[in-house]
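Working notes, beginning with the structure itself.
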Amino acid sequence: MSGHAHDHGHGHAHAHHHGHAHAPASFDRAFAIGIALNLAFVVAEGLAGLWNGSVALLADAGHNLSDVLGLVVAWGGAALARRAPTKRFTYGFKASTILAALLNALLLLVALGAIVLAAVQRLGDAPVVPGLVVSAVAGVGIFVNAATAWLFARGRHGDVNIRAAYLHMASDAMVSAGVVVAGLAMWWTGMGWIDPLVSLGIAALIFWQTWGLLRETVEMSLAAVPRGIDYDGVAGALAALPGVERVHDLHIWPMSTTEPVLTAHLVMPGGAPGDAFLDAARATLRQRFGIGHATLQVERGTCDDGGC
C-alpha cells in the first residue's frame with residue numbers, strides 16, 4: 001500500500017491511495033464453466049418450451065439467460081479490473097462494468113415485456129402442456145443453477161462480485177423448483193392456465209430483480225454514493241481523526257461496480273501531520289467503509305475564506 005504527502009507554500013497537503021479490487025484470476029475457470037452450463041441449459045429449455053407450448057419454461061429460460069448475462073458482466077468486470085490505466089483512461093476501464101450492467105438491465109426489461117405479453121395472451125385460452133416434461137426440464141435447471149452456485153461458494157465471503165454471482169444462482173435454483181411444482185400441478189389437475197400463471201410469477205420475480213439492478217446502475221452512472229456506504233458515517237469518521245477541525249468537499253462515487261472512490265478536504269490548523277496520519281485515515285476508510293481509493297487534501301486554514 002502506497003501513499004504520499006507533500007506540502008505546498010499555500011498550506012495544502014495531498015494523500016493519494018489507489019486500491020484495486022477484482023475477482024481473483026482463479027475464478028476465470030468458474031466463470032467459463034458457469035456460463036457454458038447456463039447457456040446450454042437456456043437453449044435446451046427454450047427449445048423445450050417452444051416444442052411443448054410452455055410459457056413457464058420460456059419464462060424460466062429468459063430468467064436463466066439473465067444468469068448468463070450476469071456472469072458475463074461479472075467476468076468482464078474482473079478482467080477489466082486487471083487492465084492497467086492509460087494516459088487517456090487514467091482510472092482504467094473499470095467504469096465500463098457500470099455501463100454493461102445498465103445495458104443488461106435494459107435488455108432484461110425488453111425480454112420481460114415479451115414474456116408477460118405471451119403469458120397474458122395464453123391466460124384466456126391456455127392449452128394443456130405436458131406437465132411432466134415441464135417438471136423434468138426445470139429439474140435440470142435446479143441442478144445447473146445449484147452446480148454453478150457451488151463453483152462460487154468458496155469466494156462468496158471475500159468478494160462482492162463473487163457473492164452476487166453465488167446468491168443469484170442459488171436463488172434461481174429455487175425459481176426452477178417453482179416451475180417443477182407448477183409442472184406437477186398441471187400434470188395432476190390438467191389445468192393449462194397454471195402454466196401462464198406461473199410464468200407471470202416468474203416474470204414478477206425477474207422484474208423485481210431487474211428493477212433493483214436498473215435503479216442501482218443508474219445511480220452509479222450519475223456518480224451517486226454507492227449503496228452500503230453511509231455518507232454521514234464517513235464524514236463523521238474523518239472529522240473524528242486527531243487534529244481535524246472539520247471536513248468539507250467530501251465526495252464518494254463508484255469507480256466501478258465494486259470499487260468506490262473518495263475525495264475530501266480536511267481542515268487541520270496544525271498543518272499536515274505526516275504519513276502516519278494519512279496511513280491511519282486510509283486504514284479507517286478501508287476497514288470501516290470498504291473505500292480503498294481515497295484522495296485527502298489537508299488545509300491549514302479555517303473555513304473563514306468560504307471554502308467550506
Side-chain angles (χ1 to χ4, degrees), residues 1-4 14-27 31 70-71 73-85 90-102 152-168 170 212-213 215-242 244 247-266 275-298:
M1 186 177 299
S2 63
H4 63 268
H14 303 269
H16 303 274
H17 175 256
H18 300 267
H20 300 277
H22 54 79
S26 60
F27 280 99
F31 277 121
L71 290 174
V73 167
W75 195 8
L80 287 171
R82 294 194 289 267
R83 294 190 62 179
T90 56
Y91 275 133
F93 300 88
K94 297 178 183 180
S96 61
T97 59
I98 298 175
L99 298 178
L102 179 59
F152 299 102
R154 63 186 175 90
R156 69 185 187 277
H157 298 300
D159 188 294
V160 175
N161 271 340
I162 300 300
R163 183 165 69 249
Y166 169 81
L167 292 176
H168 195 172
L213 174 65
R215 287 184 56 190
E216 187 168 2
T217 51
V218 168
E219 291 171 0
M220 287 182 168
S221 300
L222 296 175
V225 177
R227 296 185 181 186
I229 295 181
D230 180 6
Y231 180 93
D232 292 332
V234 173
L238 291 174
L241 294 172
V244 176
V247 179
H248 68 96
D249 286 329
L250 172 61
H251 302 284
I252 309 170
W253 73 97
M255 181 189 302
S256 70
T257 53
T258 60
E259 189 172 351
V261 182
L262 175 148
T263 62
H265 291 213
L266 307 180
D275 289 346
F277 169 84
L278 299 175
D279 289 341
R282 291 197 303 265
T284 296
L285 293 171
R286 184 180 64 254
Q287 294 169 5
R288 291 183 56 182
F289 306 101
I291 300 174
H293 184 126
T295 301
L296 302 175
Q297 176 173 307
V298 177

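Basis for what follows: all heavy atoms, side chains included, without hydrogens, waters or symmetry-related copies.
Listed by chain and residue number, Ile229, Tyr231, Ile252 satisfy the side-chain contact (heavy atoms from CB on, under 4.5 Å) test with Val225 (two or more places apart in sequence, or in another chain). Residues that satisfy the side-chain hydrogen bond (donor to acceptor under 3.5 Å, both in side chains) test with Arg288, not counting sequence neighbours, are absent from this structure. Residues forming a side-chain contact (heavy atoms from CB on, under 4.5 Å) with Ala264 (at least two apart in sequence, or on another chain): Leu238, Val247, Leu250, Leu262, Leu296. Scored by the salt bridge (Lys or Arg N to Asp or Glu O under 4.0 Å) test, Arg83 finds no partners at all (sequence neighbours excluded). Under the ring-ring contact (aromatic ring centres under 6.0 Å, His included) criterion, Phe289 pairs with no residue at all, not counting sequence neighbours.
Across Pro260 and Gly290, no two heavy atoms sit closer than the pair CG-O, 3.5 Å.
Arg282 places a side-chain heavy atom less than 4.5 Å from the side chain of Asp279. Contact annotation: the side chain of Val234 approaches that of Leu285 to within less than 4.5 Å [non-hydrogen atoms, C-beta and beyond].
Within the structure, the salt bridge (Lys or Arg N to Asp or Glu O under 4.0 Å) test picks out the following pairs touching residues 219-233 (sequence neighbours left out): Glu219-Arg227.
Between Phe152 and Phe31, the ring-plane angle classifies as tilted under the 30° and 60° cut-offs.
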